[in-house]
Structures are given as structure tokens and as C-alpha cells.
2 protein chains.
Amino acid sequence: MLVIINVTVYHRKVTTAQPATRNRGSRRAEILDAAAKLFAARGFHGVSIEDIGGAVGTSGPALYRHFSGKEALLSEMLLDVSERLHTSGTRRVTEAAGAEQALNALLSCQIEFALSHPALITVHDRELDNVPEPARRRIRRLQRLYLEEWVTVLSELYPGRSQAELRAATHAVFGLLNSTPHSAGELPPAAMAELLRGMARAALATPKG
Amino acid sequence: MLVIINVTVYHRKVTTAQPATRNRGSRRAEILDAAAKLFAARGFHGVSIEDIGGAVGTSGPALYRHFSGKEALLSEMLLDVSERLHTSGTRRVTEAAGAEQALNALLSCQIEFALSHPALITVHDRELDNVPEPARRRIRRLQRLYLEEWVTVLSELYPGRSQAELRAATHAVFGLLNSTPHSAGELPPAAMAELLRGMARAALATPKG
DNA sequence: CGGTGAAGTTAGTGATCCTTAACCCAGCGG
DNA sequence: CCGCTGGGTTAAGGATCACTAACTTCACCG
């Protein structure tokens, strides 16, 4: 005869009594947000599941109720970012009348995103190599499509410059715009947006030395 | 009575018979170089000691003959980079006649470094948070001094623009110039250098929108 | 009021990793 | 010829980590 006596005592949790009926899937978003900030600061492998749980008030493996694993979390994060950039870019470009307006629209998109989600931007161009293979291809494809969007607009605006040069110039502009995490708080957001826009336009308008 | 019989058989290693008398400290540099590439690709915590050893032909803990640990390796790597940037920047600026030439010198330094050591540049602005505390302060100090070097030159060149704006602009230019790892191979190095220089100069010369 | 499912909890497991210990070998100075 | 030192090796230890298992609570619905 086997008797198992369970003496576990569950004391009432002393949290701030969140309404248990929060928006469906709001917890997922909360986790993604906290994880993005941690990944941006210490890198994917430098952050533990326990860290992420702690950042949202739960401890540890509660995360597995919302994501199938750590890599899946990163995959979803990067897929969401590259999809948002690509689709909003495409929409704004097709709405625009002429290449000039299209470039302005692309700049607005990227600047607005970089300023309001610095952690996501940081993770987006650092951690692609840590995404497992099925999702990595999709992310890379979206990133490539987004880049080509910029290149086609630019090659209409500045004919006579090679595709390779425009691709390199676009990467450089991405680097310029995504520098926001490094200069956080130097300027108020509106001034920062204007500064970045002006610098990017000037940089793109100048071929060679 | 305790008898220990050691039956380990050491078979001759089948390597390419490197001359055992290589340059003093050349192994350290080799390890630093390999580690930089690995860190740039997968992040500090995503690379194991075994990986680094494997990349230089030795296996695993041989690394501890040259560095006191993994973090010490990273510390030395980042300290070296920030020192090289800062001192070469300072030298070239004091040699220059006038702010115009000084800015050109700073641009040359940074571009040359970014083009010839893309992995180091990548690690340098990603992994600072993984450096243990005694060294981190020194690195941050050097980075700050280097930034201020740029800002003083720029504020002489463009008076009437606030320090904060110039700091943000400098960060943006760093982001632009350090984009080289992303656009590797798009253009031949000389053309890339000229493109980056032109874009950076134009971006800096343009205040606000 | 009973059952159900979503969202937590702790305990435990196997793998990985950094680091150290113990040992080995080639080259060189005396 | 001997000992020392610099640069390797494998084995082992202790910590950490991702993930699973078992269990609990609670809101909600019939």
C-alpha cells in the first residue's frame, strides 16, 4: 500500500490583484515587449526564461503557457517586426504619388518605428542568426523585400546610380535611422525625428564623395 | 596500497606542423580575431569556449593559457578597439589644420576601421553590457571621449547647433558608417569608402528637416 | 453546484558551459 | 643531459538553463 501525503501549502499570492479577465492575448504582448527589451540589452542567449518571467511578474516556466519555447518567442518577435515594416512600407508606397513622396513615406515609417520601438529594432538586426530555420527564411525574405522596396523607389528617384550602390546606401541609411537606441534622450522625439529625416535625405541625395 | 596505472596514449598530432617558435603573442591575436568573428555572428553568450578553441585549431581550454577567462577576452577586445579609435582619432585631430580637415580625418579613421574590421565594430557596440565592471567603465569612458572629440570638431564647424543635436547626429553617423557589416560585398572597398564618406558629410552638413 | 480550461506554481531532469586539475611534450639554456 | 617553461591535452566538477511534470487556483458556464 502506497500513501502519498501532499502537504503543499498554497498561500494566497500577494500581487496587485490584476483582474483575471484581461484582454485576450494581452499577456503574450506583455511578454514579447519585456523579452525584446531584455534581448536588446544582453542578447538572446544572455537572457534566461526566468529573467523574462520575472520581468512580467510571473516566475519562470509560466511562459510556456503562451509560447512553445524560447526560440519560438524570438521567431514570433522578429517575424512580427519584419512583417510590420514590410507591409506598412508597401502600403504607404503604393498610396504615394511619385517617387519623392514614396521616399518620404518610407522614411516616416522607419523613423516612427525606430523611435517608438527601439528595442525591437535592435533585436531585429542582431538576432536573426538565433532564429531556427523554418522561420528564419521567412524573416530574411521579408527583410529582402523591404530593402528592395527602398531600392526601387531610390532608383526611380536617382537613375544612373547602380543597384549595388543603392543597396549599400540603403543599408547605411538603416544604420543611421536605427541609431536611436544609442542616443536615447538626447533630443525630444519630434526633434529627433526631424533630425534623422534631414540627415537621411541629405545622405541619400549625395552620390559618391 | 594504491596503484595508479596511467595508460594514456599520446599519438602524434596530425596538424600542419606549425613552427613552434611563432611570433610572441601571435596566438593571442589569432584567438581575439576568431572570437570577434564568432561574437559578431552569434553574440557573446552564443559562443562557447570550445567554439573559439575550435576556430583556431586547438580544442577547448587551451584558451586559458592566453586569457584568464571568457569575460577577460571580451574585455581586452573591447578595450583595444575603443583605445585604438580614441587615440588615433585624437592624434589625427591635433595634426589637422582647422575643423574641416579634422572632420575629414575623423571620417577617414572610422571608415577605414569599419571597413577593415567589421566584426570588431559589430562587437564593439553590441556587447558592452557583457563586460565585467572594472573594464566596462574604462571602455565607456573611452567611447565618451571619442564621441566628444567628434562633437567639439563639429561644434566648431557648425556653430549655432546645440551640443545635444550634435551628439545625436554623431551617433547617427556612427550608425551609418558601421553599417558595413550588413552590406558586405555590395561594392568594392574603395567605392564603399567613398560612398560612406560622401553620405556622412552630407548628413552632417544638413541641420534639421 | 459541479466541471472545465486557462494560467500559475514548485520540483526535477538532462544537457551545456565555464573553469580547474592533472598530465604531457617540445625547445632551449646551462 | 637536465630541468624549466610555454602551450597543449583529456577528465571532471559545479553552475546554469530550457524544458517537462505534477499540481493548484480561479473565473466562468452549464
Side-chain angles (χ1 to χ4, degrees), chain A residues 2 4-31 35 38-39 42-75 130-132, chain B residues 2 4-32 34-35 38-39 42-75 130-132:
Chain A
L2 176 62
I4 299 181
I5 305 180
N6 200 327
V7 291
T8 312
V9 175
Y10 279 74
H11 26 233
R12 182 156 300 279
K13 194 72 177 305
V14 261
T15 53
T16 48
Q18 286 278 12
T21 319
R22 40 167 76 243
N23 270 341
R24 178 68 98 197
S26 126
R27 209 59 197 269
R28 284 176 67 88
E30 199 180 349
I31 292 174
L38 289 171
F39 290 163
R42 303 207 296 268
F44 179 71
H45 292 287
V47 176
S48 74
I49 294 289
E50 199 74 24
D51 292 332
I52 303 174
V56 298
T58 87
S59 200
L63 187 140
Y64 289 86
R65 299 289 165 190
H66 305 275
F67 299 92
S68 74
K70 200 186 172 192
E71 289 186 328
L73 195 156
L74 182 68
S75 297
N130 292 317
V131 174
Chain B
L2 175 61
I4 299 182
I5 304 179
N6 199 327
V7 292
T8 312
V9 175
Y10 279 74
H11 25 234
R12 182 154 299 279
K13 195 72 179 307
V14 261
T15 53
T16 47
Q18 287 280 11
T21 319
R22 42 166 72 240
N23 268 340
R24 180 66 100 197
S26 127
R27 209 57 197 273
R28 283 176 66 88
E30 199 181 349
I31 292 174
L32 283 168
L38 289 171
F39 289 164
R42 303 207 297 268
F44 179 71
H45 294 286
V47 176
S48 74
I49 294 288
E50 200 74 25
D51 291 333
I52 302 174
V56 299
T58 87
S59 202
L63 187 140
Y64 287 84
R65 299 289 165 191
H66 305 275
F67 299 92
S68 73
K70 199 187 175 192
E71 289 186 327
L73 195 156
L74 182 69
S75 297
N130 292 319
V131 175

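Just the heavy atoms: all of them, side chains too, but no hydrogens, waters or symmetry mates, feed the values below. Numbered from 1 within each chain, the chains take letters A, B, ... in sequence-line order.
In the set D:dA18, C:dG8, C:dC18, the nucleotide with an atom closest to the side chain of B:Ile49 is C:dC18. The side chain of B:Arg65 has D:dT9 as its nearest neighbour among C:dA11, D:dT9, D:dA22. Considering only side-chain atoms of A:Tyr64, the nucleotide from C:dT9, D:dT20, D:dA11 that sits closest is D:dT20. In this structure, the nucleotide among D:dC19, C:dT9, D:dT9 sitting nearest to the side chain of A:Ser59 is C:dT9.
Taking the centre and axis of the six-membered ring of A:Phe44, the NZ or CZ atom of A:Lys70 falls inside the cone set by 45° and 6.0 Å.
Using a 4.0 Å heavy-atom criterion, one finds that B:Gly60 contacts no nucleic acid atom at all. A:Val56 comes within 4.0 angstrom of nothing in the nucleic acid, heavy atoms only.
Taking both residues in full, the closest heavy atoms of B:Asp51 and B:Gly46 are given as OD2-O, 4.3 Å, listed atom of the first, atom of the second, then distance.
Of the inter-residue distances, the one linking A:Leu63 atom CG with A:Ile31 atom CD1 reads 5.0 Å to the nearest 0.5 angstrom. Rounded to the nearest 0.5 angstrom, B:Phe39 CZ and B:Ile52 CD1 are separated by 4.0 Å.
When each of B:His45 and A:His66 is assigned the nucleotide of DNA chain C with its nearest heavy atom, A:His66 is the one assigned upstream, toward the 5' end. Where B:Pro61 and A:Asp51 meet DNA chain D, the nucleotide closest to each residue was compared, and B:Pro61 sits on the side nearer the 5' end.
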